[in-house]
Amino acid sequence: MKSISKILMVITVLLSAANSFAQNQNEQHHNHGGTAQAKNIPSQNLSQLHAVFDKYFSIKDALVNADVNIASSNATELATVIKTVDMGELSPKEHTVWMKVMKELSLNTENISKSKDVVKQRRAFALLSKNVYELANASKQKTTMYYQNCPMYNDGKGATWLSKSTDIKNPYYGSKMLTCGSTIEKLN
């Protein structure tokens, strides 16, 4: 009877060890080789994406004011932030969206940073906004964001942007039509 108890105990220990090993391997695989701890710390995730959104909002504000130099400078800073995002710390949903939009984010940010023409910057910002919206929609942030639309931009085809406020401050027309637009979605 004692030998059966010892055998059962050894089997239990071996099964437990094998299960722990399998869980660890699974977490590392889903975390692209990163530690399991990084995946479980949402504040790291929030802080890196928070920087992306903050720089995006700074570009939007510069375009509201038609300040091409500040828009260009802020876009350069956003390009740097984009390069520092650690995909291993993103949630699976965010990682999927990040992989989809990263090249476009970089391209549109570069187009804004290199241009000194507000019309071209706004055109690139419209494309940038589509990708940032996708990222925001997949992400859980501490700050509420508002997805807004100007129906008149782009020859009546419209364009969207994200804002931290419900107040409409149109980045596509600035002071010419500052309040043209509406909020179409609230993102938490």
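No hydrogens, no waters, no symmetry mates; every other heavy atom, side chains included, goes into these values. Keep in mind that what you see is a predicted model, and the values were worked out from it rather than measured.
Atom NZ of residue Lys93 and atom CG of residue Asn137 lie 6.5 Å apart, to the nearest 0.5 angstrom. Asp67 CG to Leu63 CG: the interatomic distance, rounded to the nearest 0.5 Å, is 9.0 Å. Remark: Leu178 CG to Ile168 CD1 distance equals 9.5 Å, nearest 0.5 Å. Here the straight-line distance linking atom CZ of Arg122 with atom CG of Leu127 works out to 15.0 Å at 0.5 Å rounding. Here the OG-NE2 distance, from Ser139 to His50, works out to 11.0 Å after rounding to the nearest 0.5 Å. Distance check, rounded to the nearest 0.5 Å: OG of Ser113 to CD of Glu77 gives 11.0 Å.
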Does the side chain to side chain contact (heavy atoms under 4.5 Å, CB included) test come out yes or no for Phe53 and Leu135, once each step is laid out? CA-CA 9 Å; Phe53 296 126; Leu135 186 59; 4.1 Å; yes
Determine, step by step, whether Leu90 and Leu49 satisfy the side chain to side chain contact (heavy atoms under 4.5 Å, CB included) criterion, reporting the C-alpha distance in whole Å, the side-chain angles of both residues, the deciding distance to 0.1 Å, and the verdict. CA-CA 9 Å; Leu90 299 175; Leu49 295 180; 3.8 Å; yes
What verdict does the side chain to side chain contact (heavy atoms under 4.5 Å, CB included) test give for Val101 and Val132, after you've listed the backbone C-alpha separation in whole Å, the side-chain angles of each residue and the deciding distance to 0.1 Å? CA-CA 8 Å; Val101 303; Val132 172; over 6 Å; no
Apply side chain to side chain contact (heavy atoms under 4.5 Å, CB included) to the pair Asn111 and Lys120, showing each step before the final yes or no. CA-CA 8 Å; Asn111 288 340; Lys120 290 179 181 177; over 6 Å; no
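Atom CE of Met99 has 12 or fewer heavy atoms from other residues, nucleotides or ligands within 6.0 Å. Under a cut-off of 6.0 angstrom, the local environment of NZ in Lys116 is crowded, with over 12 non-hydrogen atoms contributed by other residues, nucleotides or ligands. Open room surrounds CE on Met152; 12 or fewer heavy atoms of other groups in view lie less than 6.0 Å from it.
With hydrogens and angles disregarded, a donor-acceptor distance shorter than 3.5 Å links the side chain of Gln121 to the backbone of Ser115. A side-chain donor-acceptor contact under 3.5 Å links Asn74 to the backbone of Ser58. In this structure, Asn170 contributes its side chain and Tyr173 its backbone to a donor-acceptor pair below 3.5 Å. In terms of modelled atom types and a separation under 3.5 Å, the side chain of Asn65 and the main chain of Asp61 share a donor-acceptor contact. A donor-acceptor pair under 3.5 Å is absent between the side-chain atoms of Ser72 and the main chain of Val68, judged by distance alone.
In summary, the side chains of Ser91 and Glu94 do present a donor paired with an acceptor at a separation below 3.5 Å, with no hydrogens or angles considered. Under the 3.5 Å distance criterion, with hydrogens and angles disregarded, a donor-acceptor pair is assigned to the side chains of Tyr147 and Thr160. If you check the side chains of Thr143 and Gln141, you find no donor sitting under 3.5 Å from an acceptor.
Taking the side chain as every heavy atom from C-beta outward, Lys164 and Asp54 approach each other to under 4.5 Å. In this structure the side chain of Cys180 never reaches within 4.5 angstrom of the side chain of Tyr172, judged on heavy atoms. Residues Glu110 and Thr76 fail the side-chain proximity criterion, which asks for heavy atoms closer than 4.5 Å.
Taken together through direct or relayed side-chain contacts under 4.5 Å among Ile, Leu, Val, Met, Phe, Trp and Tyr, Val119 and Leu107 form parts of separate hydrophobic clusters. Side-chain heavy atoms closer than 4.5 Å link hydrophobic residues (I, L, V, M, F, W, Y) into clusters, and following such links, even through other members, never connects Tyr133 to Tyr146.
Among all heavy-atom pairs drawn from Thr166 and Thr183, the shortest one is O-OG1, 3.7 Å.
Of the candidates Asn108, Ile70, Ile112, Ile112 is the only one forming a side chain to side chain contact (heavy atoms under 4.5 Å, CB included) with Ile59. For the side chain to side chain contact (heavy atoms under 4.5 Å, CB included) criterion with Gln148, the lone passing option out of Ser163, Pro171, Ser182 is Ser163. Of the candidates Ile82, Val81, Leu78, Ile82 is the only one forming a side chain to side chain contact (heavy atoms under 4.5 Å, CB included) with Leu105.
Note on residues 55-84: pairs passing ring pair (Phe, Tyr, Trp, His ring centres under 6.0 Å), not counting sequence neighbours, are Tyr56-Phe125.
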